[in-house]
Amino acid sequence: MLSNNDGCVIARSNEAKALGIKMGVPAYQIEEQVRKHDIAVFSSNYTLYGDMSGRVMHILQSFVPEMEIYSIDEAFLHFSGMDLFDLKSYAAKITHTVCRSTGIPVSMGVASTKTLAKIANKFAKKYKAYQSVCIIDDEDKRRKALKLTEIGDVWGIGRQHSKMLKYNGIETAYDFACKSRAWVRKKMTVTGERTWLELNGEPCVESELIPPKKKQICTSRSFGIPQTDLEGLKEAVAAYASICAEKLRAQQSCATSLLVFIHTNSFREDLPQYFSNSLIRLPVPTNSTMEIVHYALKALHNIFKKGYRYKKAGVIITEIVPDTAIQTNLFDKVDRKKHARIMKVVDELNSGFTRNMLSLAVQGTDKQWKLKREKLSPCYTTKLSDIIIIK
DNA sequence: TCTGGGGTCCTAGGACCC
DNA sequence: TCTGGGGTCCTAGGACCC
């Protein structure tokens, strides 16, 4: 599967992995292999994945008192207070139910900490014999699992730390867990220390049962076709700003300032380069699409220069406040109640099957700048672009 | 021709204050 | 005979995640 814009490989089947196709390689570099082995290639389709994810999560939720959705395809299920359950058969029941109802195969790792559960899950996925469920519930199994886990595969240990640890003679999760706490703290600060504690069976990665509100909201994309004139950029920036406003409203927040950036393709060293951004403070915190788009375009005007082939643009909102605590401005001329009413209607119309039904005219209709998605899978469960439901 | 997007947390260092 | 010290706030950058 490819990233946005059909740029890089971001997910691979076991068969593709076996052919040596690496994560993150540019798609154009593997064209030869794709032809030769008849590999199926797909553009990303996040609306579809979001919908399927929702169905899976809904089923999982019905099995446990507490659950944390960690990402689009992962969740932490809390079995606390379920000591009398036979976890092995219960977990098997969960994975079967999900697969039967959605067609999506899932695996489960069970352990006393999240980091260990992630390791257990890797085993569950990797070895058929586990039948999708792996449990680490005693010291012996823990040690064995850690010894079989490469240090770079541990949740929380990325490329840089992995390199540093290997340099220090640490090859496996077990080697790492055997180091002293002070050494880990010194080399990898508190985050590394937390991973160390978790591997040693002490839970310390906080649980977030209610997802916290975002402190930062960003919408940015590369363009399918590079944009040279202001008009195309205006449409894109307006569209991204509008998505940011939607995200703000979804979490009952307002923006106090926004940043717009644009840049050329840095890979094209043969072309003139330009990177720029503009930060604008809003007179009054807002989540109205009309206002946010207005200021985003103003920011764009501040930085736009003719004569470049722009590859990417984005809108970032960093100072986010709750929509209940708005510091109003004496000279404020915006009818905020009216904006709020309009936005409510827009959000309702744009939900579910009629996503993107309503947008501001400035976002344009032909969307030349939009993503390249030449290998899109069918959107069976989500949007069929021109359907309008009339009640 | 062709290289993703959206987040978080932590730390160091600079600016500023008294 | 040699440039205070300690606090806070902000930002940039690094590291990590999916």
Side-chain angles (χ1 to χ4, degrees), chain A residues 1-12 21-32 34 41-47 49-50 53 68-76 114-115 118 121-122 151-165 184-196 198 204-206 208 211-226 236 239-240 243-244 246-248 250-251 253 257 259 261 263-271 277 279 309 311-320 370-375:
Chain A
M1 191 183 92
L2 303 178
S3 62
N4 272 343
N5 248 332
D6 293 349
C8 299
V9 173
I10 57 165
R12 303 150 299 153
I21 295 190
K22 295 251 159 58
M23 179 80 176
V25 293
Y28 72 92
Q29 286 177 8
I30 56 158
E31 273 168 17
E32 180 65 42
V34 168
V41 179
F42 297 97
S43 302
S44 40
N45 184 347
Y46 287 101
T47 326
Y49 312 149
S53 168
E68 264 174 274
I69 296 176
Y70 177 63
S71 73
I72 196 158
D73 66 348
E74 275 176 278
F76 290 109
K114 290 181 177 174
T115 311
K118 293 269 279 186
N121 182 52
K122 282 222 162 124
I151 188 62
D153 290 339
V154 174
W155 186 47
I157 310 277
R159 277 236 287 286
Q160 297 306 315
H161 282 149
S162 183
K163 213 162 91 187
M164 181 277 291
L165 290 169
V184 172
R185 165 85 199 210
K186 200 173 137 222
K187 290 274 189 184
M188 300 164 70
T189 78
V190 293
T191 42
E193 191 182 9
R194 280 204 275 267
T195 300
W196 182 88
E198 287 246 324
C204 57
V205 172
E206 288 279 311
E208 277 155 0
K213 295 190 174 178
K214 301 244 181 299
K215 298 168 183 172
Q216 194 180 99
I217 286 174
C218 166
T219 307
S220 78
R221 308 262 189 288
S222 302
F223 305 131
I225 304 164
Y240 304 160
I243 296 170
C244 283
E246 229 175 87
K247 292 178 186 169
L248 280 169
Q251 63 161 35
S253 301
S257 63
L259 180 132
F261 69 84
H263 64 76
T264 48
N265 185 350
S266 57
F267 290 103
R268 292 294 304 272
E269 287 168 11
D270 53 320
L271 294 175
N277 61 67
L279 177 79
R309 288 159 57 89
K311 180 63 183 166
K312 187 171 177 179
V315 177
I316 304 175
I317 285 157
T318 45
E319 288 168 89
I320 291 173
K370 73 176 181 204
L371 296 177
K372 196 159 108 187
R373 291 164 98 190
E374 285 169 355
K375 313 193 166 169

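Each chain gets a letter, A, B and so on, in the order its sequence line appears, and its residues count up from 1.
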Closest contact, heavy atoms only, A:Glu374 versus A:Asp6: N-OD2, 2.8 Å

Partner residues of A:Lys114 under the salt bridge (Lys or Arg N to Asp or Glu O under 4.0 Å) criterion, sequence neighbours left out: A:Glu68

Sugar-phosphate, base or nothing in reach of A:Leu2, heavy atoms under 4.0 Å: nothing

Sugar-phosphate, base or nothing in reach of A:Arg309, heavy atoms under 4.0 Å: nothing

Sugar-phosphate only, base, or nothing, as touched by A:Asp6 at under 4.0 Å among non-hydrogen atoms: nothing

A:Ser222 side chain to A:Lys372 side chain, donor-acceptor N/O pair below 3.5 angstrom: no

Residues in side chain to side chain contact (heavy atoms under 4.5 Å, CB included) contact with A:Asp73, at least two apart in sequence or another chain: A:Ser71

Sugar-phosphate only, base, or nothing, as touched by A:Val9 at under 4.0 Å among non-hydrogen atoms: nothing

Helical stems, DNA chain B - three or more consecutive Watson-Crick or G-U wobble pairs below 3.5 Å: B:5-18 with C:5-18

B:dG4 versus C:dC17 - spacing of their C1' atoms, nearest Å: 15 Å

Residue list, side chain to side chain contact (heavy atoms under 4.5 Å, CB included) with A:Cys8, at least two apart or on another chain: A:Ser3

Residue met sooner reading DNA chain B from 5', once A:Gln29 and A:Thr219 are mapped to nucleotides: A:Gln29

Terminal contacting nucleotides, 5' and 3', DNA chain B versus chain A (heavy atom, 4.0 Å): B:dT1 to B:dT11

Sugar-phosphate, base or nothing in reach of A:Gln160, heavy atoms under 4.0 Å: sugar-phosphate

Touch class at under 4.0 angstrom, heavy-atom based, for A:Arg194 against every strand present: sugar-phosphate

Contacts of type salt bridge (Lys or Arg N to Asp or Glu O under 4.0 Å), residue A:Glu269, not counting sequence neighbours: none

Sugar-phosphate only, base, or nothing, as touched by A:Lys214 at under 4.0 Å among non-hydrogen atoms: sugar-phosphate

Salt bridge (Lys or Arg N to Asp or Glu O under 4.0 Å) involving A:Glu208 - partner list, sequence neighbours excluded: none

Residues that A:Arg185 engages under side chain to side chain contact (heavy atoms under 4.5 Å, CB included), provided they are two or more places apart: A:Val190, A:Glu193

Sugar-phosphate only, base, or nothing, as touched by A:Val25 at under 4.0 Å among non-hydrogen atoms: nothing

Sugar-phosphate only, base, or nothing, as touched by A:Ile72 at under 4.0 Å among non-hydrogen atoms: nothing

Partners passing side chain to side chain contact (heavy atoms under 4.5 Å, CB included) against A:Lys118 (at least two apart in sequence or in another chain): A:Tyr70, A:Glu74, A:Phe76, A:Trp155

Given DNA chain B, 5'-ward residue of the pair A:Lys312 and A:Pro226, judged by closest heavy atom: A:Pro226

